[in-house]
Amino acid sequence: MKISEQHKDFFEHVYEIVRLIPEGRVTNYGSIAKALGTPKSSRMVGWAMNAAHAKSDVPAHRVVNRNGLLTGKMHFSTPTRMQELLENEGIMVKNDQIQYFNTVYWDVTEHFLGK
DNA sequence: AGCTTGACTTTGA
DNA sequence: GTCAAAGCCAAGC
């Protein structure tokens with residue numbers, strides 16, 4: 001896909017990127033917003049995730065805030081659902097904080113730059 | 001129509 | 001390192 005496709009809905013862009021996040025990796029809201037060309041609209045990414053929750057093929061649990069904190073866990077079916085999904089992919093979570101966040105972090109822009 | 005809220009980030013003190 | 005403030009914009013009231 002092309003990042004510069006601005007004719008589509010903002011949410012659809014978010015979905016496409018979130019779907020690209022590899023298993024066992026996570027990214028943050030700002031990185032996604034940045035990839036969409038609107039770095040300051042990171043809040044909208046969160047709002048998009050809220051809507052994405054309905055879609056079954058959007059791994060919303062792989063998106064956390066920039067500190068690696070599971071800020072959106074309460075929006076899942078159960079408050080522990082997000083952590084369970086992450087741990088199921090090999091990501092360690094302690095007190096809503098992703099362990100070794102720097103290691104599992106997957107930068108969206110780096111991916112598109114081919115790095 | 002306006003006002004508030006929010007799964008956020010950046011910046012400046 | 002912390003903290004407060006601003007910017008972002010869709011949805012809900």
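All values reported here derive from a predicted model rather than from experimental measurement. Convention: sequence-line order gives letters A, B, ...; per-chain numbering from 1.
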Heavy-atom check, side chain of Leu36(A) versus side chain of Ser41(A), under 4.5 Å: no
Separation between the C1' atoms of dA7(B) and dC3(C), rounded to whole Å: 22 Å
Nearest-Å distance for atom pair CZ/C1', residues Arg66(A) and dT2(C): 12 Å
Thr38(A) side chain reached by Phe10(A) side chain, heavy atoms, under 4.5 Å: yes
Nearest to side-chain heavy atoms of Arg43(A), which nucleotide of dT9(B), dG6(B), dA10(C): dG6(B)
Touch class at under 4.0 angstrom, heavy-atom based, for Asn65(A) against every strand present: sugar-phosphate
Gap separating the OG atom of Ser31(A) from the CH2 atom of Trp106(A), nearest 0.5 angstrom: 7.5 Å
Arg19(A), CZ: over 12 other non-hydrogen atoms inside 6.0 angstrom: yes
Rounded distance in Å - CD (Glu12(A)) to C1' (dA10(C)): 15 Å
Closest listed nucleotide, where the reference is the side chain of Met44(A) and the choices are dC8(C), dT9(B), dA10(C): dA10(C)
For atom NE2 of His53(A) and atom C1' of dG6(B), their distance in whole Å: 16 Å
Intermediate values then yes/no, side chain to side chain contact (heavy atoms under 4.5 Å, CB included), Ile21(A) and Val26(A): CA-CA 7 Å; Ile21(A) 303 174; Val26(A) 296; 5.8 Å; no
Separation of dT9(B) C1' from Leu36(A) CG (nearest whole Å): 15 Å
Hydrophobic cluster identity match, Leu85(A) and Ile91(A), side-chain contacts under 4.5 Å: yes
Shortest non-hydrogen contact from Ala35(A) toward Val108(A): CB-CG1, 3.4 Å
SB check Arg25(A) Glu89(A) (cutoff 4.0 Å): no
CG (Asn67(A)) with more than 12 external heavy atoms under 6.0 Å: yes
Atom pair distance, as rounded to whole Å: CE in Met49(A) and C1' in dA10(C): 16 Å
Touch class at under 4.0 angstrom, heavy-atom based, for Ala51(A) against every strand present: nothing
Nearest-Å distance for atom pair OH/C1', residues Tyr29(A) and dG6(B): 11 Å
Closest to side chain of Ser42(A), choosing from dC8(B), dT10(B), dG6(B): dC8(B)
Trp47(A) CH2 - dC8(C) P separation (whole Å): 19 Å
Base dC8(C) to side chain Ser41(A), donor-acceptor N/O within 3.5 Å cut-off: no
DNA chain B contacts among residues 69-93 of chain A, heavy-atom distance under 4.0 Å: Thr71(A), Gly72(A), His75(A), Phe76(A)
Dot-bracket pairing map - DNA chain B, Watson-Crick plus G-U, both contacts under 3.5 Å, | cross-strand: .|||||.||||||
Atom pair distance, as rounded to whole Å: NZ in Lys40(A) and P in dG7(C): 10 Å
Heavy atoms from other residues, nucleotides or ligands near CG of Asp57(A) exceed 12 (cutoff 6.0 Å): yes
